[in-house]
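Throughout, protein chains are lettered first and strands after them, A, B, ... in sequence-line order, and every chain is numbered starting at 1. As a basis for the values below, the full set of heavy atoms in this structure was taken, side chains included, without hydrogen atoms, waters or symmetry mates.
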Amino acid sequence: MDLSGVSNPICRLRVAVDAPQHSGIGAPLDYLSEQALPPGSLVQVPLGKRELTGIVWDPLPADADAEGQVLPDTALRPIGQALLELPPLTLNWRRLLDFAASYYQRSVGEVALSVLPPQLRELDAKQLQGRLKKLHKWVEAEAKDGAPSAQRPELSPAQAEVLAQLDALLLAERASDATGSAPGPAPVLLHGVTGSGKTEVYLRAAEHALNQGRQVLVLVPEINLTPQLEARFAERFQGHRIVSLHSGLTPAQRLRNWLAAHLGQAELVLGTRLAVFASMPRLGLIVVDEEHDPSYKQQDGARYSARDLAVYRAHLERVPVILGSATPSLESWQHANTGRYRRLALPQRIGGGAMPRLRIYDMNLLPRKQGVTTALAQPLLAALRERLQRGEQSLIFLNRRGYAPVLHCGECGWKSECPHCSAYRVFHKGDRTLRCHHCGFSERVPRACPDCGNQDIAPLGQGTERLEEQLAAALPEARVARIDADSTRLKGALEAQLGAVHAGEVDILVGTQMITKGHDFRRITLVAAVNPDAALFSSDFRAPERLFALLMQAAGRAGRDAEVAARSEMWLQTWHPQHALYQSLLRHDFEAFAKSQLAERESAGLPPYSHLALLRAEARTVEAAQGFLEAAARHAGTLPDAQTVLVYPPVPMSVARVANVERLQMLVESPTRGALQRLLWQWMPELHALKREHKGLLRWAVDVDPLAI
DNA sequence: AGCACGCCGACT
DNA sequence: GTCGGCGTGCTC
């Protein structure tokens, strides 16, 4: 369009709006405007009877063949108010969103609007002005002078080496940048065990970027982990403004922090996966801590991987990205093997502390009584007693909340199935309920078997509640605390419980994987995993990788102080002591584990040696969901990439029915990303059409790079 | 997703 | 005669 034409001051704007993709609106919509607003501006636009906030998107390139029909000007509606006070979102931000939307098969509008602070959408120009004024006041009140940073600890030789290599990488990059065609610095995979000082490397790298007047983005997997990391960064960079960005903030805080980043006033942004989309006009470094963590993958809506998008964003911005982990994802590990990523290692714990000694206890040695009634073997209890006598703390990890996963009638065989899901309801003794962890259905625990009236119904298996009870019985003098999703439901409960542990008011801490992440317990010298075996035989091909990471992370909780490291132990109770995974863990040998896993993946044609997507369908009946998927599969067979991309038959999901909805999925496997993307693109319009034909279908969704299949 | 329009059952 | 059930279809 020609904006210089004075004869017609009306121009066309493409605006991305939050119209869900199944509405058929995939691309930004055209509107009329009397003003040529720059792309990235926020505007109110009418859509049907509604007035929505949209983002002015980039005009289509002139050479784009008119895909879809171009509407005549007369069919277009004028835009509403524009939020001119807000600087436009940058080209690179829009490119990141274009990429994310197309890669994960969603509309740009949906993704772009969903990653803005929700409050920003509600505001009109006037209200926004108010917020900006408030922000400026806040900024002035907390004036940051950019003063020299606080005292820094001396680097270990390994840290110094890693930082030197980072520097070299940046220098090489700058040299090649002169040619103008530089791809940006290679992503760095920082492999270092818990306590090896990865955070100090992040801090130094951040300092480097800050000194150049750039902004730094740090991603963590969980909200719980932001406060302590924020404290660490705040302490180091006292002269710099640091904000967090995650879904736990109040709407007002989230808007304020987002604006601070967008206006360049916040120099450090720390957040969970949604923060990967933070608007940061002077971005100079991205850090992804615990890059292997599954929480980086969004599980609904646009199913993006914040880690992968962080790598893409760094590439767009030509800035370094550091992926840190003690147990890198096999995808990242493989990228490092092929040289796409640069691997840097911190092989030792700081201060010469060793990782805790691993003791594998063979559960087959348990005296055979009437089945296994306790989760705790005698030798483990003895080890706990020893810690108790020395005044040291222990941590017991069991990835199952509640008292027992199933309630069972020995008389007629009744089990506590959920009436709405294909799963058992979990027995929660605390509030005497049977609770379904999938749909939330909860009932008071029956006194007798609901089928045969037998009074003697028994819990089967172990949950954290039961473990807590058994510990209290076996070690009456111990102060036992439990941390899981149930004990931390109330706001502030987690902080309070962690505080009690740190204050030494707890001898034994029982919990789910919640306690294995991040928290730095100085006085723990014993970590035990009492029932990790289930993951060994899971049908999920990533289960071993996750288990290894989880156990390694749990082990890292023990003996972080060098003085106690020597007597720190990690106990593993298993029925399969010879399993290769445990044997690698015994030697703290991630590399051997990764190597064997990669070999298995390669022979099975699984990621990272292939690329996957899932087509999921939900319906009231299996037939409806299956009918849709089968029709979709038939159509996929007619697409040009059908020769290279494999579409497997539909199968029920591992929990096939949730809240009376049947869930099936179909695996799509491709040797290359390109072929997979092409097929998905060509498939999508037909999937929308099929949804209309298959009336019983409730929902369908595509999951690109799914974590579990 | 919203929010219409639209075409059939029990109510003041 | 009308209030309202949720099926179907559209939004630049």
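In this entry the distance linking NE2 of H688(A) with C1' of dG9(C) reads 15 Å, nearest Å. Across the protein-nucleic acid pair, L76(A) atom CG and dC10(C) atom P stand 18 Å apart, rounded to whole Å. When rounded to the nearest whole Å, the span between CZ of R692(A) and C1' of dC10(C) equals 11 Å. The separation between L47(A) atom CG and dG2(B) atom P is 11 Å, rounded to whole Å. dG7(C) atom P lies 13 Å from atom CG of L698(A), rounded to whole Å. Atom NZ in K691(A) sits roughly 12 Å away from atom P in dG9(C) (whole-Å rounding). Counting to the nearest Å, the P atom of dG2(B) and the CG atom of D18(A) are 8 Å from each other. We find that CD of Q44(A) is positioned 15 Å from P of dC12(C), with the value rounded to whole Å.
Comparing dT8(C), dC12(C), dG2(B) by their closest approach to the side chain of L29(A) singles out dC12(C). Nearest nucleotide to the K695(A) side chain, out of dC3(B), dT8(C), dT11(C): dT8(C).
Residues W700(A) and H688(A) place their aromatic rings such that the two centres sit under 6.0 Å apart.
Residue-level contact check: R50(A) touches the bases, meaning some heavy atom is under 4.0 Å from a base atom. Residue-level contact check: P28(A) touches neither bases nor backbone, having no heavy atom under 4.0 Å from any strand.
Partners of Y104(A) according to the ring pair (Phe, Tyr, Trp, His ring centres under 6.0 Å) rule, which considers only residues two or more places apart in sequence or in another chain, do not exist here. Not counting sequence neighbours, the partners of Q127(A) by the side chain to side chain contact (heavy atoms under 4.5 Å, CB included) test are L123(A), D124(A).
Cation-pi geometry between R256(A) and W138(A) is met: under 6.0 angstrom from the ring centre, within 45 degrees of the axis.
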